[in-house]
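Notes to accompany the following structure.
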Amino acid sequence: SHETPAEEIDFQSCLDINPDFVGWLRLPGTSIDYPVVQSDRVEYYLTHTFYGEKNKVGTLFTLGKTDLVTPSQNIAIYGHHMRRTRAQTMFEPLHNFKKGGFVEQAPVIYFDTLYQKGVYTIFAACNMRSTEWDASMTSFSDPVAFMRYVEMIKSRSFFDVEVEVTAADQLLTLITCDR
């Protein structure tokens, strides 16, 4: 099964393997069940596995500016999707959210970090050009700006679900490419 309970993940062993390790991301109902690193070495993690092996599958990562201790109001995690090797890429299952009804099969994401356990309810999935928004934005000038951001994402979503997002909430944004 791809749904490893968080209690079974040995965070110390993960840190021993890769000192950039910061947490574990799980999306029950999909094959997404992977370690996440924090680094600004984007090119490296796009072309190397968590174990340091050269491989185009890459590693899930969040940028150095992300505060995982407090945490940031938005945590962005990047992962590959490559059309030719779909089955092997970590974030390929995210494309299922384009289909109506898939969110009901996989409504919650778990992101357990070195600092806290996180449970995130999915409220939107959308296609955006990187020039249209800064998906890695970690904080907002005020609650109004945050809610404007949330409404913009909701307005572009492939689906509409009854999930209330408030200015006190924290977002987890999973980012992959879609050609």
Name the atoms and distances for all side-chain donor-acceptor pairs under 3.5 Å in residues 142-149, with sequence neighbours left out.
{"residue": "Asp142", "atom": "OD1", "partner": "Val144", "partner atom": "N", "Å": "3.0"}
{"residue": "Asp142", "atom": "OD1", "partner": "Ala145", "partner atom": "N", "Å": "2.8"}

So which atom in [X] and which in [Y] form the shortest heavy-atom distance, rounded to 0.1 Å?
{"X": "Gly79", "Y": "Leu60", "result": "CA-CD2, 3.6 Å"}
{"X": "Ala76", "Y": "Ile175", "result": "CB-CD1, 3.8 Å"}
{"X": "Ile153", "Y": "Ala124", "result": "CG2-CB, 3.6 Å"}

Do any N or O atoms from the side chain of [X] and from the backbone of [Y] form a donor-acceptor pair under 3.5 angstrom?
{"X": "Thr70", "Y": "Ser72", "value": "no"}
{"X": "Asn74", "Y": "Met137", "value": "yes"}
{"X": "Thr59", "Y": "Phe50", "value": "yes"}
{"X": "Asn18", "Y": "Leu15", "value": "no"}
{"X": "Ser157", "Y": "Ala125", "value": "yes"}

Is any side-chain heavy atom of [Y] closer than 4.5 Å to one of [X]?
{"X": "Asp112", "Y": "Arg26", "value": "yes"}
{"X": "Leu174", "Y": "Leu25", "value": "yes"}
{"X": "Gln105", "Y": "Lys99", "value": "no"}
{"X": "Val161", "Y": "Phe159", "value": "yes"}
{"X": "Leu27", "Y": "Val108", "value": "no"}
{"X": "Leu94", "Y": "Ile32", "value": "yes"}
{"X": "Leu172", "Y": "Ile77", "value": "yes"}
{"X": "Thr62", "Y": "Ile75", "value": "yes"}

Value rounded to 0.5 Å, distance of [atom1] in [X] from [atom2] in [Y]:
{"X": "Arg156", "Y": "Glu151", "atom1": "CZ", "atom2": "CD", "value": "14.0 Å"}
{"X": "Cys126", "Y": "Phe158", "atom1": "SG", "atom2": "CZ", "value": "7.0 Å"}
{"X": "Thr49", "Y": "Met90", "atom1": "OG1", "atom2": "CE", "value": "7.5 Å"}
{"X": "His48", "Y": "Lys54", "atom1": "NE2", "atom2": "NZ", "value": "5.0 Å"}
{"X": "Ile17", "Y": "Gln12", "atom1": "CD1", "atom2": "CD", "value": "10.5 Å"}

_Distance-only side-chain donor-acceptor flag, Lys65 / Ser136, under 3.5 Å_ = yes
Do [X] and [Y] share a hydrophobic cluster, counting only Ile, Leu, Val, Met, Phe, Trp and Tyr and linking them when any side-chain heavy atoms are less than 4.5 Å apart?
{"X": "Tyr110", "Y": "Phe91", "answer": "no"}
{"X": "Tyr120", "Y": "Val69", "answer": "yes"}
{"X": "Ile9", "Y": "Tyr51", "answer": "yes"}

_Partner of Phe123 under side-chain contact (heavy atoms from CB on, under 4.5 Å), chosen from Lys154, Glu162, Glu164_ =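 Passing option: Lys154.
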*Pick out which of Thr113, Val37, Leu68 makes a side-chain contact (heavy atoms from CB on, under 4.5 Å) with Val22.*
Leu68
*Is it true that atom CG of Asp134 has more than 12 heavy atoms of other residues, nucleotides or ligands lying nearer than 6.0 Å?*
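Buried by this count: over 12 neighbours within 6.0 Å.
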Ring pair (Phe, Tyr, Trp, His ring centres under 6.0 Å) involving [X] - partner list, sequence neighbours excluded:
{"X": "Phe97", "value": "Phe102"}
{"X": "Tyr45", "value": "none"}
{"X": "Tyr78", "value": "Phe61"}

*Any Lys/Arg nitrogen of Arg41 or Asp20 sitting under 4.0 Å from an Asp/Glu carboxylate oxygen of the other?*
yes
*Step-by-step side chain to side chain contact (heavy atoms under 4.5 Å, CB included) determination, Lys56 to Thr47*: CA-CA 5 Å; Lys56 62 187 171 195; Thr47 58; over 6 Å; no
*asked:* Using the ring centroid of each side chain, check whether Phe11 and Phe21 are separated by less than 6.0 Å.
replied: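 Yes, they do, as the ring centres are separated by less than 6.0 Å.
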*asked:* Going by the rule side-chain contact (heavy atoms from CB on, under 4.5 Å), which residues pair with Ser139 if we only count those two or more places apart in sequence or in a different chain?
replied: none
*asked:* For Asp40, give me all partners under side-chain contact (heavy atoms from CB on, under 4.5 Å), at least two apart in sequence or on another chain.
replied: Leu63
*Is there a side chain to side chain contact (heavy atoms under 4.5 Å, CB included) between Asp33 and Trp24 once you walk through the steps?*
CA-CA 7 Å; Asp33 187 5; Trp24 199 277; 2.6 Å; yes
*Can you list the steps and then say if Leu171 with Val150 is a side chain to side chain contact (heavy atoms under 4.5 Å, CB included)?*
CA-CA 9 Å; Leu171 303 181; Val150 167; 4.2 Å; yes
